[in-house]
K.L.:
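I'd like to ask you about the structure that follows.
Every chain is numbered from 1, with letters handed out A, B, ... down the list of sequences. Quick note: numbers below take in every heavy atom, side chains included, and nothing from hydrogens, waters or symmetry partners.
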Amino acid sequence: MEVKVRYAPSPTGLQHIGGVRTALFNYFFAKSQGGKFILRVEDTDQERSSEEALQDLYDTLDWLNIKWDEGPIVGGPNGPYIQSERFELYKKYAKQLVASGHAYYCYCSEERLDEVRTQQKAEKSSQQGYDRHCRNLSEEERIEKEKQGIKPVIRLKVPTEGKTTFHDVLMGDITRKNIDVSPDPILLKGDGFPTYHLANVVDDHLMGITHIMRAQEWIPSGPLHVILYEAFGWEPPLYCHLPMVMGKDGQKLSKRHGSTSVRDFKEKGYLPEALMNYVSLVGWSFDGEREFFSQEELEKVFDITKINKSPGVFDYKKLDWFNGQYIRLMSDEDLEKALIPYLEKAGFIDKDISSDKKKKLDELVVCAKPRLKVLSDIVELAVFLFTNPEVAAPEMFVAKKMDLKTSYEALSKTYEIMIEDLNQGKSFEDVESDITNLATDMGVKVNGVFTPLRVALTSTTVSLPMSDTYKLLGKEESFKRIEKALEMLKKEVE
RNA sequence: GGUCCCUUCGUCUAACGGUUAGGACGAAAGAUUCUCAGUCUUUAGAUAGGGGUUCGAUUCCCCUAGGGACUACCA
């Protein structure tokens with residue numbers, strides 16, 4: 001039997017890490033089994049679904065290079081794949097269940113439902129949820145309600161006795177007493193749209209889904225879905241509930257913990273390959289040793305039985321590390337291309353880059369490559385090159401065990417050395433060793449002479465190595481900055 | 001409150017019932033005769049607790065504790 005799985009998000013917000021992890025696991029499982037991966041849009045909540053969220057779903061999967069075999073845009077034999085376009089279908093199936101005695105019309109107002117709920121809560125009743133008020137309405141009562149013009153919902157008649165078991169690939173059998181299953185949940189809402197329960201069962205069946213891989217938060221409704229399958233007389237698919245993705249505090253990952261939307265990660269400059277690789281490792285591992293996998297490899301090597309049962313914390317630091325590794329693997333050309341949008345956004349470069357600037361850029365990329373965790377790091381690293389900010393305070397020139405006077409002295413002597421050496425046609429490497437000697441001569445730490453130079457050239461205490469900085473800036477600009485710095489220091493010393 | 005699920009270093013995880021309990025991130029230390037990174041080397045760091053079963057439990061069973069999810073005309 002061909003494996004057929006689906007990712008079925010509801011477009012009610014930006015795609016987040018948890019969702020994408022589910023998508024990835026489904027996708028990898030399908031690929032590894034030579035099966036099909038289906039995308040289905042569950043937009044049955046008309047209030048919360050949005051066009052923007054739908055677009056974000058497409059953008060996200062596109063960015064990650066996840067292609068679906070059937071679904072919106074590409075179509076397929078079981079379409080449409082957007083639930084709002086299947087509107088009539090659910091109505092038909094809901095009514096079928098009413099006709100077969102597995103479901104019933106309910107006329108309860110939301111107000112009454114609220115009342116029931118608050119009362120149950122107040123009494124700490126063991127019975128929480130709908131009180132099945134309309135379950136046994138007589139035909140006369142029903143007609144009376146209809147006459148009043150109340151638009152009913154359709155509820156599933158959940159058995160009040162017995163128990164229901166479903167099988168989970170990872171968890172084994174999970175059994176729940178029927179009395180503990182959600183009491184008669186709504187299948188078809190007042191607006192004629194189905195709830196998740198009805199829509200997903202109907203569609204999974206119609207679309208021939210063989211395995212349902214979804215987050216563990218769905219475990220409690222597993223038995224409910226099986227009851228639905230049985231009511232229809234259908235065979236339920238295999239379940240595989242994926243461990244949750246948590247934040248550092250052990251709670252379900254949310255915005256509190258940092259970025260969670262894939263769009264955010266993209267904008268900060270995470271590479272899709274890195275994100276995919278890392279995300280595939282939360283809740284799954286290959287052998288505990290190997291961690292680097294390309295998409296193609298994951299499509300081959302992914303093994304559903306190696307998925308973990310316990311929830312995993314999303315480690316932003318490890319993602320950073322992965323991303324840095326992937327950046328270092330990029331060619332200089334590719335990296336430069338990836339970096340340009342960030343430099344443009346910062347206002348450092350324009351759309352058309354002069355050949356002069358292009359050369360600078362080429363150099364910059366080489367220097368920056370080992371230092372980047374995310375692409376947007378380039379801005380801070382390059383700010384000295386494209387702007388010339390004021391030094392915030394003269395004290396910045398002063399390294400440990402130095403003072404303003406010695407720092408001034410160090411910088412002016414450094415400047416003299418630079419002028420002389422460079423006039424003699426020496427390389428900057430030679431200049432560096434002479435500066436190092438200067439430190440010895442002055443009886444100070446090497447850092448004591450490099451710090452004033454660093455601050456003079458970059459206005460910051462953290463920067464690229466001085467040789468790179470000098471080469472990037474060029475002789476003229478470098479000298480200009482040193483002179484400016486000397487002026488500032490001189491005032492302080494006098 | 002009720003139901004269900006989970007439990008190996010701080011984090012992600014590996015370990016046919018037999019290993020000095022392994023790896024990675026993070027942390028700490030050192031090296032790379034300039035900062036920050038990067039790279040390399042090293043160190044610390046875990047089987048939640050208690051009972052069984054067994055010659056032998058991280059591994060199987062039970063209890064306790066802790067954590068989580070669900071409990072909508074949201075998915």
Side-chain angles (χ1 to χ4, degrees), chain A residues 8-12 42-45 47-49 106 108 110 113-114 117 120-121 123-130 151 153-155 168 171 174-177 179-183 185-191 193-197 199-200 214-223 241 243-244 246 248 250-252 278 281-292 306 308-322 324 328 368-373 377 381 399 432-433 435-436 439-440 445-451 453-455 458 460-467:
Chain A
S10 65
T12 55
E42 307 218 330
D43 60 344
T44 55
D45 184 339
E47 295 275 309
R48 298 197 307 146
S49 294
C106 167
C108 293
E110 298 204 37
L113 261 25
D114 279 344
R117 233 187 325 264
Q120 284 169 339
K121 247 197 177 144
E123 290 170 1
K124 295 198 171 167
S125 163
S126 63
Q127 190 59 54
Q128 303 262 335
Y130 184 53
K151 264 203 281 176
V153 301
I154 293 179
R155 287 184 183 271
D168 186 282
M171 232 70 79
I174 295 176
T175 303
R176 249 180 131 175
K177 293 205 266 310
I179 196 70
D180 292 327
V181 172
S182 177
I186 291 173
L187 298 178
L188 203 70
K189 299 185 270 188
D191 61 4
F193 276 89
T195 57
Y196 170 79
H197 305 298
N200 107 76
R214 40 133 80 147
Q216 276 176 6
E217 58 185 324
W218 290 108
I219 288 179
S221 44
H241 286 95
M244 308 275 296
M246 315 299 237
K248 264 243 171 299
Q251 310 269 64
K252 204 165 144 181
Y278 174 65
L281 254 27
V282 13
W284 178 82
S285 74
F286 177 66
D287 61 1
E289 298 278 326
R290 188 170 161 204
E291 299 196 295
F292 275 85
K306 286 180 175 168
N308 262 42
K309 287 196 265 194
S310 42
V313 174
F314 188 82
D315 187 343
Y316 288 86
K317 286 242 178 81
K318 186 146 188 181
L319 205 217
D320 281 348
W321 177 78
F322 262 106
R328 255 140 256 145
K369 196 175 186 177
R371 273 159 241 270
L372 299 174
K373 278 198 167 69
D377 285 345
L381 224 51
E432 273 184 334
S433 74
I435 296 174
T436 309
T440 318
K445 288 241 164 107
V446 180
N447 196 21
V449 298
F450 273 98
T451 295
L453 179 60
R454 181 186 320 286
V455 176
T458 68
T460 61
T461 52
V462 176
S463 77
L464 295 173
M466 285 303 93
S467 60

K.L.:
Please round to the nearest 0.5 Å and tell me the distance separating atom CD1 of A:I186 and atom SG of A:C108.
P.N.:
9.0 Å
K.L.:
Over how many whole Å does the gap from A:K373 atom NZ to B:C25 atom P extend?
P.N.:
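Whole-Å distance recorded here is 12 Å.
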K.L.:
Could you measure between the two C1' atoms, the one in B:A21 and the one in B:U8, and give it in whole Å?
P.N.:
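That atom pair is separated by 8 Å.
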K.L.:
Scan A:T461 against the nucleic acid and name what it touches under 4.0 Å (heavy atoms): base, sugar-phosphate only, or nothing.
P.N.:
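Touches a base.
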K.L.:
What distance, rounded to whole Å, do you find between the two C1' atoms, one in B:G45 and one in B:G51?
P.N.:
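Between the two C1' atoms, the distance is 28 Å.
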K.L.:
Among the nucleotides B:C70, B:C5, B:U35, which one has an atom lying closest to any side-chain atom of A:M171?
P.N.:
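Taking heavy atoms from C-beta onward, the closest nucleotide is B:C5.
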K.L.:
If I take atom NE2 in residue A:H241 and atom C1' in nucleotide B:G68, what distance separates them, rounded to the nearest angstrom?
P.N.:
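About 15 Å, once rounded to whole Å.
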K.L.:
In whole Å, I'd like the distance from the CG atom of A:L188 to the P atom of B:A72.
P.N.:
19 Å
K.L.:
Separation of A:Q216 atom CD from B:C70 atom P, in whole Å?
P.N.:
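Computing the A:Q216:CD to B:C70:P distance gives 12 Å.
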K.L.:
Strictly below 4.0 Å: does A:Q128 bring a side-chain N or O up to OP1 or OP2 of B:G1?
P.N.:
no
K.L.:
Does any non-hydrogen side-chain atom of A:I219 lie less than 4.5 Å from one of A:M171?
P.N.:
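They are in contact (side-chain heavy atoms under 4.5 Å apart), so the answer is yes.
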K.L.:
What is the distance, to the nearest angstrom, from the NZ atom on A:K121 to the C1' atom on B:C70?
P.N.:
12 Å
K.L.:
With both distances under 3.5 angstrom, what nucleotide forms a Watson-Crick or G-U wobble pair with B:A14?
P.N.:
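When the pairing criteria are applied, nothing turns out to pair with B:A14, so the answer is none.
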K.L.:
When rounded to the nearest Å, what value does the distance between C1' atoms of B:G56 and B:C16 take?
P.N.:
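Roughly 15 Å separates the two C1' atoms.
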K.L.:
Pick the nucleotide of RNA chain B nearest each of A:R328 and A:S433; which residue has the one closer to the 5' end?
P.N.:
A:S433
K.L.:
Across all strands shown, which nucleotide pairs with B:U7 by Watson-Crick or G-U wobble geometry, both distances under 3.5 Å?
P.N.:
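B:U7 is paired with B:A65.
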K.L.:
Given that both distances must come in under 3.5 Å, which nucleotide forms a Watson-Crick or G-U wobble pair with B:G26?
P.N.:
none
K.L.:
Under 4.0 angstrom, heavy atoms only, what part of the nucleic acid is A:P311 near: base, sugar-phosphate, or nothing?
P.N.:
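Answer is sugar-phosphate: A:P311 comes under 4.0 Å of backbone atoms only.
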K.L.:
Watson-Crick or G-U wobble partner for B:U53, using a 3.5 Å limit on both distances?
P.N.:
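Partner of B:U53: none found under 3.5 Å.
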K.L.:
Whom does B:C36 pair with, Watson-Crick or G-U wobble, provided both distances fall under 3.5 Å?
P.N.:
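Partner of B:C36: none found under 3.5 Å.
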K.L.:
Indicate whether OP1 or OP2 belonging to B:G10 is found under 4.0 Å from a side-chain N or O atom of A:K317.
P.N.:
no
K.L.:
Counting C-beta onward and ignoring hydrogens, is there a side-chain heavy-atom pair between A:Q128 and A:K121 closer than 4.5 Å?
P.N.:
yes
K.L.:
Using a 4.0 Å heavy-atom cut-off, does A:V313 contact any base of the nucleic acid, only the sugar-phosphate backbone, or nothing at all?
P.N.:
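Touches sugar-phosphate only.
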K.L.:
Tell me which nucleotide among B:C73, B:A14, B:G26 gets nearest to the side chain of A:L113.
P.N.:
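Nearest to the side-chain atoms of A:L113, counting from C-beta on, is B:C73.
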K.L.:
Assign each of A:D180 and A:E289 to its nearest nucleotide of RNA chain B by heavy atoms, then name whichever residue's nucleotide is nearer the 5' end.
P.N.:
A:D180
K.L.:
Report yes if a donor N or O on one partner sits less than 3.5 Å from an acceptor N or O on the other, where the partners are the side chain of A:E291 and the base of B:C25; otherwise report no.
P.N.:
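No.
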K.L.:
Can you see if the side chain of A:S463 gets near the phosphate of B:U35 - specifically, an N or O under 4.0 Å from OP1 or OP2?
P.N.:
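For A:S463, the contact criterion (side-chain N or O under 4.0 Å from OP1 or OP2 of B:U35) is not met.
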K.L.:
Starting at CD of A:Q120 and ending at P of B:A72, how long is that distance when rounded to a whole Å?
P.N.:
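That distance rounds to 9 Å.
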K.L.:
For the atom pair OG1 (A:T175) and CG (A:D180), what is the distance rounded to the nearest 0.5 Å?
P.N.:
12.0 Å
K.L.:
Mind checking if A:L381 touches a base, just sugar-phosphate, or nothing, with heavy atoms under 4.0 Å?
P.N.:
nothing
K.L.:
When rounded to the nearest Å, what value does the distance between P atoms of B:U53 and B:C62 take?
P.N.:
15 Å
K.L.:
Of all the nucleotides listed (B:C5, B:C73, B:C12), which has the minimum atom distance to the side chain of A:I186?
P.N.:
B:C73
K.L.:
Using a 4.0 Å heavy-atom cut-off across all strands, classify A:R117 as base, sugar-phosphate, or nothing.
P.N.:
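Counting heavy atoms under 4.0 Å across all strands, the contact made by A:R117 is with sugar-phosphate only.
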K.L.:
Does a nitrogen or oxygen in the side chain of A:T195 sit under 4.0 Å from OP1 or OP2 of B:C74?
P.N.:
no
K.L.:
Kindly compute the distance separating CH2 (A:W321) from CG (A:D315), expressed to the nearest 0.5 Å.
P.N.:
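Going from the CH2 atom of A:W321 to the CG atom of A:D315 covers 11.5 Å.
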K.L.:
Hey, can you tell me if A:F314 and A:Y316 have their rings parallel, tilted or perpendicular (30° and 60° cut-offs)?
P.N.:
perpendicular
K.L.:
Does the pair A:L464 and A:T458 meet the rule for a side-chain contact (heavy atoms from CB on, under 4.5 Å), with working shown?
P.N.:
CA-CA 9 Å; A:L464 295 173; A:T458 68; over 6 Å; no
K.L.:
B:A14, B:C5, B:C34: which one has an atom nearest the side-chain heavy atoms of A:V446?
P.N.:
B:C34
K.L.:
Determine the Euclidean distance between corresponding C1' atoms of B:A69 and B:A75; express it in Å to zero decimal places.
P.N.:
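It works out to 14 Å between them.
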K.L.:
Just call it for A:E42: base, sugar-phosphate, or nothing, with non-hydrogen atoms closer than 4.0 Å on any strand.
P.N.:
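It contacts sugar-phosphate atoms only.
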K.L.:
Would you mind reading off the distance between A:D287 atom CG and B:U13 atom P, rounded to a whole angstrom?
P.N.:
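So the two atoms are 14 Å apart, to the nearest Å.
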K.L.:
Any N or O donor-acceptor pair under 3.5 Å from the base of B:A69 to the side chain of A:K252?
P.N.:
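For A:K252, whose side chain was compared with the base of B:A69, there is no donor-acceptor pair (under 3.5 Å).
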K.L.:
Counting just side-chain N and O atoms, does A:K309 come under 4.0 Å of either OP1 or OP2 of B:A69?
P.N.:
no
K.L.:
Could you check which of B:C73, B:C6, B:C34 has an atom nearest any side-chain atom of A:F450?
P.N.:
B:C34
K.L.:
When rounded to the nearest Å, what value does the distance between P atoms of B:U58 and B:G18 take?
P.N.:
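Here B:U58 and B:G18 have their P atoms 10 Å from each other.
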K.L.:
Under a 3.5 Å cut-off for both contacts, is B:A44 paired Watson-Crick or G-U wobble with anything, and if yes, with which nucleotide?
P.N.:
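None - no nucleotide pairs with B:A44, as no candidate has both distances under 3.5 Å.
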K.L.:
Counting Watson-Crick and G-U wobble pairs only, both distances under 3.5 Å, name the nucleotide matched with B:U19, or none.
P.N.:
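Partner of B:U19: none found under 3.5 Å.
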K.L.:
Just to be sure I understand the rule, does A:Q251 reach a base, reach only the sugar-phosphate, or reach nothing, if contact means heavy atoms closer than 4.0 Å?
P.N.:
sugar-phosphate
K.L.:
Between B:C4 and B:U64, how far is it from one P atom to the other, in whole Å?
P.N.:
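Each nucleotide's P atom is 13 Å from the other's.
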K.L.:
Specify the separation, in whole Å, of atom CH2 of A:W321 and atom C1' of B:U11.
P.N.:
14 Å
K.L.:
B:A46 and B:A15: how far apart are their C1' atoms, nearest whole angstrom?
P.N.:
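Result for the C1' pair: 13 Å, nearest Å.
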K.L.:
With a 4.0 Å cut-off on heavy atoms, is A:G312 in touch with a base, just the backbone sugar-phosphate, or nothing at all?
P.N.:
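The answer is sugar-phosphate, as A:G312 gets under 4.0 Å only of primed atoms, P, OP1 or OP2.
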K.L.:
Distance check: side-chain N/O of A:N308 vs OP1/OP2 of B:U7, anything under 4.0 Å?
P.N.:
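Indeed not, no polar side-chain atom of A:N308 lies that close.
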K.L.:
Between A:K317 and A:D320, does any side-chain N to carboxylate O distance fall below 4.0 Å?
P.N.:
no
K.L.:
Give one of base, sugar-phosphate or nothing for A:S221, where a contact means two heavy atoms less than 4.0 Å apart.
P.N.:
nothing
K.L.:
Would you call the rings of A:Y196 and A:W218 parallel, tilted or perpendicular if under 30° counts as parallel and over 60° as perpendicular?
P.N.:
parallel
K.L.:
For A:G324, report the nucleic acid contact type (base, sugar-phosphate, nothing); a contact means any heavy atom under 4.0 Å.
P.N.:
nothing
K.L.:
Any donor-acceptor pair under 3.5 Å joining the side chain of A:R48 to the base of B:C74?
P.N.:
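It does, because a donor-acceptor pair links the side chain of A:R48 to the base of B:C74 below 3.5 Å.
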K.L.:
Rounded to the nearest 0.5 Å, what's the gap from CD on A:E291 to CZ on A:F286? Could you check?
P.N.:
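Rounded to the nearest 0.5 Å, the CD-CZ separation comes out at 12.5 Å.
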K.L.:
Where the side chain of A:E217 is concerned, which of B:C70, B:G26, B:C34 is the nearest nucleotide?
P.N.:
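For the A:E217 side chain, the nearest candidate turns out to be B:C70.
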